[in-house]
Amino acid sequence: MSLLSFDLREAFDSISWVVYHWVYFAFQFFVYGALISKLIVSLPNYLFYYGTGLLILVSFNVASWSGRRFVESAHEGRLRYMLSLPMKRSELFLEQIGLGVVVNLSRVLPPLIVILWLGGLYTPIALIGSLIILTLVTIGITGLMVSLSVIAFKSFDIYSAIVAALSAILIRFSTVNYPLISMSQGYSDVSLANPLTYGADLFRYGLSLDTSVLLNPALAATVVIALCVGTMFVGMFFISRMVEGVRSS
Amino acid sequence: MEDQRFLEWSVESRELTKVYGKKIALDHLNLDVSTGQVLVLLGPNGSGKTTFLHLISTVLKPSGGTALVMGYDIIKQPLKVRQVSSISFQDPRGFWRHKPSHILSFHASMYGVDGQERKRIVEKTLKDFELWSSKDTKFMHLSGGQAKRLEVAKLFVYKPKLAIFDEPTTMVDLDGKGMIWDKIHELKEEGSTVIVATNEVREAEYLADKITILAGGKHLVTDSLGNLKDSVRGGDVVDLEFALPVEQRVLELIQGIEGTDDLKVVDTNRVRVRVSMSEDWLPKMTDRIHDFAKVKSIKVTEPSLDDVFLKYTEESRGV
């Protein structure tokens, strides 16, 4: 039994909690999404755009949860147990990433299938391609959040404030909910500096949405992969250098 | 993962130091732990016991110095250190939704115990630690004592070369304490080196081959229980009862014996003498007063480990 399977056992301890997330997604998509798509007439088929953005948001939230869980494990005293186990620090970091990826797949798979089916886009290749892009976004954001956990080892309150602010900025200043072309100049300029914009547009490009409203897919893929690789290296560096100086509360 | 090397010392710490901000938690600690022994770390709160245990189990990185665990450097070979050692923490936390059987099974698997052997040893350990009836109870619903027994039990599903226990019987009832102490003895008999940090003097007396006293992050002394008790000057109390009222001349003879620290006349026939190392003092006393007085009874009370502990910690505070 690996640490990943041990943690997954805990993450999936309550099946009703997993189902709750699917129901919540369905409510968001079929009720709120349907209503708001009636208001936005400048973008054809906004409901589909909204649904795909919702999937990106789910991946973002799972990645944030992974980072916060890591921080909580340090404050609860669980991290020190993991640090005492015969495994490399890099394995410990990768396990955190793996946990985020598997939990994310469990959250997005059924909604993704429904959205692909409703959009008439369902093929095994489209499904796998979409999952790969969502996984890359999850890895990148998880790496970012775990790297930020270094702040929490000094102050949990400061970490919470930074992550809350960062999350709000990353989501609002991105193409998760609206395409770049519908944004004002200043807003779109900031959104272009946001990796979530590239993740969202790459995901939609893979689903053959109206490509005229999306970023260049090669550029988007480059940014998303760079985010993954970059945060993986930074996260591993912090875990191996910083985490052993931490005292649990 | 199994390491077959034999070393004289399981732990050798050299100038091991840990600093948190401005606070020195461990101050240039030099300490060797003999292979196959139980070393008990005794010290007041904040003396550096837990910090030392976390450093040698690679949970923390030292600020200075280093230590070898089974010959492996905690800074250069931390993975090797973790493969040959295992730690039971002071307060078991963080497994909230897991069940005792899962926790032990996971711990065993991390140390390469798999398949039927893992199943067998987890079942045995749960029964040994009286957790079998709670094996499927979530950790968050266990009592404090059960959670602590589970924390200690982890080290018995994979018997490490170096077993580290941080206050293994806090929160545990009297029966449980006895059981845990017996299991720690078993672990030693099976070849593990054991380090136990505790505040409980009785626990130290029961378990220790050697005792190390720490205070303020500094190493005060390491020795066997007997030697530590002997080191308390005037620590042995000898109550002498004479057949007849004791004469001044006899009192002067006793006062002059090497090792006499203090003498008090209790009543006409009885005297209380504080001596260092009563086993050496008594023959000298009987020789010296043989011709002048007849001793009716002798009662010797050795210093307790409490006395030893207080002596060293008070000395370190300059009391």
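Residue numbers start from 1 in every chain, and the chains themselves are labelled A, B, ... in the order their sequence lines are given, proteins ahead of strands.
- Under a 4.0 Å N-O distance rule, the pair R80(A)/D91(B) qualifies as a salt bridge.
- Contact check for H54(B) versus L83(A): no side-chain heavy atoms found under the 4.5 Å cut-off.
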- Passes ring-ring contact (aromatic ring centres under 6.0 Å, His included), H107(B) versus F6(A)? Steps please. CA-CA 10 Å; H107(B) 192 78; F6(A) 184 65; 9.9 Å; no

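- For I164(B), no part sits under 4.5 Å from any heavy atom of chain A, backbone or side chain.
- Taking a 6.0 Å sphere around NZ of K88(A), one finds it holds 12 or fewer heavy atoms contributed by other residues, nucleotides or ligands.
- Scanning both residues, K138(B) and D13(A), for their nearest heavy atoms gives NZ-OD2, 2.9 Å.
- Interatomic distance, K154(B) NZ to S84(A) OG, rounded to the nearest 0.5 Å: 6.0 Å.
- Applying the 6.0 Å contact sphere to CZ of R97(B) captures no more than 12 heavy atoms from other residues, nucleotides or ligands.
- Expressed to the nearest 0.5 Å, how far CZ of R9(A) lies from NE2 of H98(B) amounts to 8.0 Å.
- Residue-environment remark: CH2 (W132(B)) exceeds the threshold of 12 foreign heavy atoms within 6.0 Å.
- For F12(A), the CZ atom counts as densely surrounded, since its 6.0 Å shell holds more than 12 non-hydrogen atoms of other residues, nucleotides or ligands.
- For the pair L85(A)/R82(B), no side-chain contact is recorded, criterion being any heavy-atom separation below 4.5 Å from C-beta on.
- Note that the OG atom of S57(B) and the OH atom of Y81(A) stand 12.5 Å from one another [nearest 0.5 Å].
- Within a 6.0 Å sphere centred on OH of Y32(A), heavy atoms belonging to other residues, nucleotides or ligands number 12 at most.
- Between F106(B) and L3(A), the closest side-chain pair of non-hydrogen atoms falls below 4.5 Å.
- Taking E200(B) as the reference, K177(B) meet the side chain to side chain donor-acceptor pair (under 3.5 Å) condition, with sequence neighbours excluded.
- M82(A) is not listed as a side-chain neighbour of V59(B), based on a closest heavy-atom distance of 4.5 Å or more.
- The distance from atom CZ of R78(A) to atom CZ of F89(B), rounded to the nearest 0.5 Å, is 12.0 Å.
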